[in-house]
Asks: 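Okay, here's the structure, questions in a sec.
Throughout, protein chains are lettered first and strands after them, A, B, ... in sequence-line order, and every chain is numbered starting at 1. Predicted model only: the values in this text are computed from it and were never measured. We use all heavy atoms of the structure for the numbers below, so side chains are in, but hydrogens, waters and symmetry mates are not.
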Protein chains: 2
Amino acid sequence: VPRSPVEFWFDFGSSYAYFASLEIEALAAKHGRAVVWRPFMLGAAFAVTGAMGLSRTPLKREYAGHDWRRIGRLRGVPYNPSRTHPPIALPTMRAFYALDRRDPAAAVRFAKAAFEAAYVAGRDVGDLAVVLELSGLSAEAVSDPEIKTLAKARSDEAIGRGVFGSPWFFVDGEPFWGWDRLPMIDDWLTRGGW
Amino acid sequence: VPRSPVEFWFDFGSSYAYFASLEIEALAAKHGRAVVWRPFMLGAAFAVTGAMGLSRTPLKREYAGHDWRRIGRLRGVPYNPSRTHPPIALPTMRAFYALDRRDPAAAVRFAKAAFEAAYVAGRDVGDLAVVLELSGLSAEAVSDPEIKTLAKARSDEAIGRGVFGSPWFFVDGEPFWGWDRLPMIDDWLTRGGW
């Protein structure tokens with residue numbers, strides 16, 4: 001019986017999603033699972049929960065900034081967000097789904113390139129010009145009404161399934177919120193749940 | 001050189017703090033550390049961050065309820081909150097500091113009894129009568145103006161030090177938010193930071 005892929009839901013503007021993007025494929029592969037990448041707009045979930053972005057919230061903002069640098073050192077990976085972080089990553093998400101419609105593997109390659117641009121090279125992936133350069137798509141392709149509808153439908157799907165944070169994972173339907181739950185996902189996959 | 005204790009800041013109304021209360025002493029002891037227990041009113045921090053309690057937030061509420069039951073099963077510990085969870089644990093906090101002023105060990109015993117009452121016996125620790133029974137204190141002792149001032153000062157101290165969630169830990173000044181960061185604290189104590 002083929003085992004269902006791990007669903008990885010994320011917003012490109014989420015630093016915790018960047019760290020998760022560097023780990024989730026190896027974790028899933030360890031258990032014979034693939035990963036389905038699903039960008040969505042976290043702001044759409046915030047409209048339901050009343051939450052604000054970390055970077056706009058007193059106290060949380062300072063802790064999160066400290067925590068992201070600490071996680072970078074812990075994992076030995078670069079953490080160099082743009083000065084305008086977090087981006088509003090709407091064109092990034094649309095470009096992903098424009099690629100995904102024809103070639104899911106190309107969409108995943110783009111997602112990795114976008115995370116690297118945003119968190120290693122310190123570029124603004126909310127900037128359409130950057131997104132076009134990284135994706136090789138035209139502005140028309142990214143703003144295609146069908147793609148806009150498809151991208152919005154993914155954010156709606158996320159909220160409909162209870163997703164309110166980034167990164168978010170579904171493992172055989174079980175929800176996990178946060179980079180810090182990767183060890184729990186490992187445990188869940190090892191034991192088949194509990 | 002004596003090593004500084006791990007500071008454990010929490011709100012008695014926080015289920016994640018309950019789970020942390022069952023683990024933090026063994027974790028600290030493994031590294032030759034004591035634990036200082038510091039209840040505070042999470043609502044005071046929410047007034048700064050604009051956050052709402054998990055149990056009042058759409059989507060988060062459903063996830064958290066699921067997650068608490070899942071953690072209970074994972075750790076093999078009871079999880080049976082009162083029907084009125086979460087309590088507004090102001091009398092609980094005040095009783096803690098009334099005891100702590102004279103006998104810190106008695107305050108910790110009370111804190112454990114209060115967590116057990118709230119999350120195993122399903123009692124409302126926001127109810128003064130329950131708090132008096134568990135603490136052995138009089139209503140006068142709990143509502144002593146000096147105690148009220150001391151208890152409020154602890155919440156103010158928490159916010160002044162950047163605390164916005166429960167449970168929260170300081171390890172040699174380093175802040176950690178959440179039950180799910182206990183493994184990171186273990187790592188931090190093992191390596192002396194990174």
Asks: Please determine, among B:G193, B:P175, B:P183, the option with the most heavy-atom pairs under 4.5 Å with chain A.
Replies: B:P175
Asks: Distance check, rounded to the nearest 0.5 Å: A:L59 atom CG versus B:F46 atom CZ?
Replies: 11.5 Å
Asks: So with a 6.0 Å cut-off around CD of B:E25, is the heavy-atom count from everything else above 12?
Replies: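 More than 12 heavy atoms, drawn from other residues, nucleotides or ligands, come within 6.0 Å of this atom.
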Asks: Taking side chain as everything from C-beta outward and backbone as N, CA, C, O, which of these in B:R191 sits under 4.5 Å from a heavy atom of chain A? Side chain, backbone, both or neither.
Replies: side chain
Asks: From B:M184 CE over to A:L74 CG, what is the distance, rounded to the nearest 0.5 angstrom?
Replies: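 Rounded to the nearest 0.5 Å, the CE-CG separation comes to 5.0 Å.
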Asks: For B:E23, does the CD atom sit with more than 12 other heavy atoms under 6.0 Å from it, leaving out its own atoms?
Replies: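 Atom CD in B:E23 is packed in, count exceeds 12.
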Asks: Between A:G50, A:G165, A:P58, who has the most heavy-atom pairs with chain B when the cutoff is under 4.5 Å?
Replies: A:P58
Asks: Kindly determine whether B:D67 and A:R181 satisfy side chain to side chain contact (heavy atoms under 4.5 Å, CB included), including the steps that lead there.
Replies: CA-CA 11 Å; B:D67 196 39; A:R181 290 303 181 89; 2.7 Å; yes
Asks: Kindly compute the distance separating CZ (B:F164) from NZ (A:K60), expressed to the nearest 0.5 Å.
Replies: 6.0 Å
Asks: Using the rule that Ile, Leu, Val, Met, Phe, Trp and Tyr join whenever any side-chain heavy atoms are under 4.5 Å apart, tell me whether A:V131 and A:M41 fall into a single cluster.
Replies: yes
Asks: Going hydrophobic residue to hydrophobic residue with side-chain gaps under 4.5 angstrom, can you get from A:F170 over to A:F8?
Replies: no
Asks: Counting only heavy atoms not in A:R73, do more than 12 fall under 6.0 Å of its CZ?
Replies: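 Counting neighbours around CZ of A:R73, more than 12 heavy atoms of other residues, nucleotides or ligands fall under 6.0 Å, so yes.
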Asks: Cluster question for you: counting only ILVMFWY and a side-chain heavy-atom cut-off of under 4.5 Å, with indirect links fine, are B:L150 and B:L42 together?
Replies: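 Different clusters: B:L150 never reaches B:L42 through Ile, Leu, Val, Met, Phe, Trp or Tyr contacts under 4.5 Å.
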Asks: If you measure from OH on B:Y63 to OG1 on A:T49, what distance do you get to the nearest 0.5 Å?
Replies: 14.5 Å
Asks: Is it true that atom CG of A:L189 has more than 12 heavy atoms of other residues, nucleotides or ligands lying nearer than 6.0 Å?
Replies: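 Atom CG in A:L189 is crowded, with more than 12 foreign heavy atoms closer than 6.0 Å.
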Asks: Does any backbone or side-chain atom of A:W188 lie under 4.5 Å from a heavy atom of chain B? Answer side chain, backbone, both or neither.
Replies: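 For A:W188, the side chain is the part near chain B, not the backbone.
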Asks: Given the options A:E62, A:H66, A:M52, which has more heavy-atom pairs under 4.5 Å with chain B than any of the others?
Replies: A:H66
Asks: Compute both the distance and the angle, then confirm whether A:R70 meets the cation-pi test with B:F176: under 6.0 Å from the six-membered ring centre, within 45 degrees of the axis.
Replies: yes
Asks: Could you check whether atom CG of B:L132 has more than 12 heavy atoms from other residues, nucleotides or ligands sitting under 6.0 Å from it?
Replies: yes
